[in-house]
Structures are given as C-alpha cells and as structure tokens.
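Since this is a predicted model, take the numbers as computed values, not measurements. Computed over heavy atoms, backbone and side chain alike; hydrogens, waters and symmetry mates excluded. Lettering of chains follows the sequences in order, A, B, ..., and the numbering in each one begins at 1.
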Number of protein chains: 2
Amino acid sequence: MAATRAPLPADLFDELCPSALIPFRFGDKWSALVIHCLRDGPRRFSELRVPLRRVSPKVLTRTLRALERDGLVSRTVRPTTTPTRHVEYALTPLGRSLLVPLTALYAWAADHLEDLMDAREAYEGGEAPHG
Amino acid sequence: MAATRAPLPADLFDELCPSALIPFRFGDKWSALVIHCLRDGPRRFSELRVPLRRVSPKVLTRTLRALERDGLVSRTVRPTTTPTRHVEYALTPLGRSLLVPLTALYAWAADHLEDLMDAREAYEGGEAPHG
DNA sequence: CAGAATCCGTTTAGATACTG
DNA sequence: CAGTATCTAAACGGATTCTG
C-alpha cells in the first residue's frame, strides 16, 4: 500500500506541458470568470461588467484580448444605427468545450466550499507558522 | 435559436461564490501544479522542486502553506536519525477529491493544446489590436 | 458604448544568501 | 534538508479620465 513513487516529469513549467497550461491561461483573476459569464450566450462589454462589477475596463479588455488570442472567445462588432458601438463577445467552440471541465471544477468548489472555509478557519485559529 | 439571456448573478466576485473560488485558490501560478505533483503520493520539499525546478524555495513554501491552510495538503515531519530533517507533503482527502476535476481540466488542455497554440499563432500573425 | 491612456498601490515571482 | 530573510523586477489589479 505504499504510495507509488513514479518519478515526476521534469517539464512541468514548460509552456507546452498541458499541466503548466492551466496556470498560464487561467493564472489571472478573471479569465475563468469571464468564460463562465459567457456560458449562456454572447454578451456585450458592459454586460460583462455587471456580474464582474469590480473589474475595471482596462482589466476586462486585457482579459478578453487574452481569451480572444487563445481562440476561446470571439469578438463581433455589430452594425448599429446609433453612433454608439455594439460589440459582442461569445465563446468559440473551443471556449465552449472548455466550459465542460470548468463547470466540473466549479461544481467541486460548490460541493466543498464548507470544507475549505472550515479548514481555513481551523488553520487561522490553531496552527502557528512552522519553524 | 437566440441564445438564452438569463440574467447573470451579480455576486461573482464574492468570496463565497464557488465561481469566484477558483481564481481565489488557484489564481496563482503554482497551486494547481503542486497538487498535480502530489497525485502519486507524498513528496518531500526538495522532491517537489525537481519537476517545478524554476520555483524558488520561498514561493514553494508560500504555495504549500496556502494549500495547507485550505486543507488540501498536509505536512508531516518524520523522525530521522540524521540531523537533517524529513518533511513530507501529501494530499488530504479533500485535496485528493480536487484531483478529479483538476485532472479533467488537464486532459482538456492536453486535448486542445494544438488548438490553443494555433490560435495564438494566428492571432499574433494576423490581427492588429482593436481600435 | 467600447475601450485606450495614465497613474499608482499591491501582489507575485525570482534570485540569492543564510540558518536550525 | 527544509526552510527563512532580503532585495528586486515584473505582473496584476483598480481608479480615473478621455475619446472615436
């Protein structure tokens, strides 16, 4: 019953390593949330700012550009009669495929929210920092 | 076939929102990777530094402390005869349960690595930044 | 409306050297 | 061996202002 001790691959920080890919693409605060917000269909720039109302336009723009660059989100400018612009962001098929494991991760978080909060509380209360 | 337009919840940045939890706990560069490295059993501090060989001891320590605080990783000091210490890190049951959706996410990354690289290449090559 | 530009504080990471 | 301490650079995030 000893734990297996297979050697770990030595390339986990390689950008081409799928395991490293996750923090590379979702290591920021907003990417996963934006994808989540697009799950029900296209959204406009200002629509996205509602659920993410803390995010500044600069940060949202940067996040959307990054997702667009990786082919997860598409950006569409719709013609309007008014002088104001209408830009819609939507998940690409690739982005939509990501929604599956991402939703599973959210489900895990929802299931274990209590555990996480309890653990944190216990840690704060009890443990002293290690020497 | 219009996309559904259900209103989005307005609390996505709330720390208690499971969706917000992901970037909160995995918004850093190393957490997911460390969990991944512990999947086959306990590892020592310096063992973890092999696959993550870019990480400085300071950063690894901080990451491990955070995971420990959230109840995902346990820290065990084993008695030794030598004056050198022996500390092992392992996934807790909670951490192990996280491995399931996390592995699914890695599988997605592995499956779509090409797509991501292609999209990025196409973006760099073609598109000019939006005006 | 959608975003670009600017400024600024905080966080994160990395390198290095040192210690029980 | 398993960290801690210190310093520095870069990235990230947020607020605000401005414009096509």
Side-chain angles (χ1 to χ4, degrees), chain A residues 12-13 15 20 22-34 37-38 42-69 73-90 127-131, chain B residues 12-15 20 22-34 37-38 42-50 52-69 73-90 127-131:
Chain A
L12 279 181
F13 64 91
E15 194 180 350
I22 301 306
F24 260 120
R25 315 273 162 161
F26 309 106
D28 71 294
K29 192 173 173 180
W30 299 105
S31 293
L33 256 37
V34 166
C37 286
L38 290 173
R43 300 283 171 185
R44 301 178 65 173
F45 189 86
S46 33
E47 275 183 296
L48 285 171
R49 293 195 66 194
V50 176
L52 307 169
R53 62 181 192 272
R54 279 261 224 261
V55 77
S56 69
K58 188 192 70 172
V59 171
L60 182 55
T61 297
R62 194 207 313 141
T63 304
L64 287 167
R65 290 283 185 279
L67 293 173
E68 195 188 351
R69 187 187 57 164
V73 162
S74 66
R75 176 180 181 273
T76 310
V77 182
R78 291 181 170 280
T80 56
T81 57
T82 63
T84 64
R85 285 198 288 168
H86 186 123
V87 179
E88 272 190 353
Y89 293 91
E127 316 292 306
H130 308 292
Chain B
L12 278 181
F13 64 92
D14 188 320
E15 193 180 351
I22 301 307
F24 259 121
R25 314 275 162 161
F26 310 106
D28 71 293
K29 192 172 174 181
W30 299 105
S31 292
L33 257 39
V34 167
C37 287
L38 290 173
R43 300 284 171 186
R44 300 177 66 171
F45 189 86
S46 34
E47 275 184 296
L48 286 171
R49 293 195 66 193
V50 176
L52 307 169
R53 61 182 192 272
R54 278 262 225 261
V55 76
S56 69
K58 187 191 70 171
V59 171
L60 181 56
T61 297
R62 195 206 317 138
T63 304
L64 287 167
R65 291 282 185 280
L67 294 173
E68 195 189 350
R69 186 187 57 163
V73 161
S74 66
R75 176 181 182 273
T76 308
V77 182
R78 289 181 173 278
T80 57
T81 57
T82 64
T84 64
R85 284 197 288 167
H86 185 124
V87 179
E88 271 191 354
Y89 293 92
E127 317 291 307
H130 309 292

Which heavy atom of A:V55 sits nearest a heavy atom of A:R49, and at what distance?
O-NH2, 3.1 Å
Note: B:L38 and B:Y89 closest approach over all heavy atoms is CD2-O, 3.4 Å
Between atom [atom1] in [X] and atom [atom2] in [N], what is the gap in whole Å?
X	N	atom1	atom2	value
A:L48	C:dG3	CG	P	10 Å
B:R75	D:dC1	CZ	P	16 Å
B:R85	D:dC1	CZ	C1'	7 Å
A:E68	C:dA2	CD	P	15 Å
A:L33	D:dC12	CG	P	16 Å
B:E88	D:dC1	CD	P	14 Å

Inspect the contact between B:R78 and B:E88 and indicate whether a charged nitrogen and a carboxylate oxygen are less than 4.0 angstrom apart.
yes
Measuring to OP1 and OP2 of [N], would you say a side-chain N or O of [X] lies under 4.0 angstrom away?
X	N	value
B:R44	D:dA2	yes
A:Y89	C:dG3	yes
B:R78	D:dA2	no

Which nucleotide in D:dG3, C:dA2, C:dC1 has an atom nearest any side-chain atom of A:F45:
C:dA2
Under 4.5 Å between any side-chain heavy atoms of B:L64 and B:R75, yes or no?
no
Using side-chain heavy atoms (C-beta onward) and a distance below 4.5 Å, is A:T61 in contact with A:R65?
yes
Quantified as the angle between the terminal helix axes (five pairs each), what is the overall bend of the helix from C:dC1-D:dG20 to C:dG20-D:dC1 to 10 degrees?
50°
Once side chain to side chain donor-acceptor pair (under 3.5 Å) is applied, do any residues pair with B:T84, and if so which ones, sequence neighbours excluded?
B:T82
Using the side chain to side chain donor-acceptor pair (under 3.5 Å) criterion, which residues pair with A:T63? Sequence neighbours excluded.
none
Between the protein and nucleotides 11-17 of chain C, are there any N/O to N/O pairs under 3.5 Å, and if so, what are the atom names and distances?
unit_1: C:dA13; atom_1: OP1; unit_2: B:K29; atom_2: N; d: 2.9
unit_1: C:dA13; atom_1: OP2; unit_2: B:R62; atom_2: NH1; d: 2.8
unit_1: C:dA13; atom_1: N6; unit_2: B:K58; atom_2: NZ; d: 3.4
unit_1: C:dG14; atom_1: OP1; unit_2: B:K29; atom_2: NZ; d: 3.0
unit_1: C:dG14; atom_1: OP2; unit_2: B:W30; atom_2: NE1; d: 3.4
unit_1: C:dG14; atom_1: O6; unit_2: B:K58; atom_2: NZ; d: 2.0

